[in-house]
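Here is the structure we will look at, set down as structure tokens.
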Amino acid sequence: MNTAITFFAGSLTFVLMMGLKIPIKKLSRFLAKGQTVYYKRWNLLVILAVVVMATVCYYLVLLWLGDTHFKFCCALKAAAVAMAFYAVYEQIV
């Protein structure tokens, strides 16, 4: 059951992060002031945002299902699923 919840939370995280990715990228470009090294470092905000969003999505799915046993490892797996979906999406588009 945890695998299905993790996959659903990762899919939900991917969909939600597609809307948040662009403002985060614009913010990192503004903060880097045109320097490539700093831009790449500020883009780590996207990864941090994915992990936070996946944790929240996993918790909300658990609440929706009536389960109370939160596993942080499954939330991290959901983040990995969302990042994998994003990598595949970037290759296709």
Side-chain angles (χ1 to χ4, degrees):
M1 184 69 173
N2 281 331
T3 306
I5 296 170
T6 301
F7 184 77
F8 181 74
S11 302
L12 184 63
T13 302
F14 169 72
V15 170
L16 293 175
M17 282 305 297
M18 288 306 291
L20 290 176
K21 180 188 67 126
I22 294 171
I24 292 173
K25 291 263 190 181
K26 286 183 180 180
L27 175 69
S28 64
R29 186 175 305 275
F30 174 75
L31 293 175
K33 296 179 178 66
Q35 296 180 359
T36 307
V37 175
Y38 292 126
Y39 177 67
K40 289 182 180 180
R41 288 180 185 164
W42 277 107
N43 274 339
L44 291 175
L45 287 174
V46 175
I47 296 173
L48 180 64
V50 168
V51 171
V52 170
M53 181 70 71
T55 304
V56 170
C57 287
Y58 180 74
Y59 180 71
L60 291 176
V61 169
L62 284 179
L63 284 179
W64 181 53
L65 293 174
D67 196 0
T68 59
H69 187 68
F70 180 81
K71 294 182 180 180
F72 188 65
C73 64
C74 290
L76 289 178
K77 289 177 191 177
V81 167
M83 287 187 253
F85 282 161
Y86 180 70
V88 169
Y89 174 78
E90 285 292 317
Q91 292 296 318
I92 291 173
V93 175

If two hydrophobic side chains count as joined below 4.5 Å and joins carry through other members, does [X] share a cluster with [Y]?
X: Leu12; Y: Met18; answer: no
X: Leu63; Y: Phe8; answer: yes
X: Phe85; Y: Val56; answer: no
X: Leu60; Y: Val15; answer: no

- Query: Is the number of heavy atoms from other residues, nucleotides or ligands within 6.0 Å of CD (Glu90) greater than 12?
  - Reply: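 Check passes, neighbour count above 12.
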
- Heavy atoms of other groups near Ile22 CD1, more than 12 under 6.0 Å: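 Count not over threshold, so no.
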
Among residues at least two apart in sequence or on other chains, which ones pass side-chain hydrogen bond (donor to acceptor under 3.5 Å, both in side chains) with [X]?
X: Thr55; result: none
X: Asn43; result: Ser28
X: Arg29; result: Tyr39
X: Lys21; result: Tyr86

Mind listing the closest non-hydrogen atom pair of [X] and [Y] along with its distance?
X: Val50; Y: Thr13; value: O-CG2, 3.9 Å
X: Ala78; Y: Ala9; value: CB-CB, 4.0 Å
X: Leu20; Y: Pro23; value: O-CD, 3.2 Å
X: Gly10; Y: Val81; value: CA-CG1, 4.0 Å

Inter-residue atom distance [X].[atom1] - [Y].[atom2], 0.5 Å rounding:
X: Asp67; Y: Asn2; atom1: CG; atom2: CG; result: 7.5 Å
X: Thr6; Y: Met1; atom1: OG1; atom2: CE; result: 10.5 Å
X: Trp42; Y: Gln35; atom1: CH2; atom2: CD; result: 12.5 Å

- Stepwise side-chain contact (heavy atoms from CB on, under 4.5 Å) test for Cys57 and Leu16: CA-CA 10 Å; Cys57 287; Leu16 293 175; 3.7 Å; yes

- Query: Met83 pairs by side chain to side chain contact (heavy atoms under 4.5 Å, CB included) with which of Val46, Ile47, Val88?
  - Reply: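 That would be Ile47.
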
- For Tyr38, what residues pass the ring pair (Phe, Tyr, Trp, His ring centres under 6.0 Å) criterion, not counting sequence neighbours?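 Tyr38: no ring pair (Phe, Tyr, Trp, His ring centres under 6.0 Å) contacts found.
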
- Task: Please test Leu76 against Val51 for side-chain contact (heavy atoms from CB on, under 4.5 Å), starting from the C-alpha separation and ending with a verdict.
- Result: CA-CA 7 Å; Leu76 289 178; Val51 171; 3.9 Å; yes

- Message: Tell me which pairs pass ring-ring contact (aromatic ring centres under 6.0 Å, His included) where either residue lies in residues 49-74, with sequence neighbours left out.
- Response: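 Only Tyr58-Phe70 qualify under ring-ring contact (aromatic ring centres under 6.0 Å, His included).
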
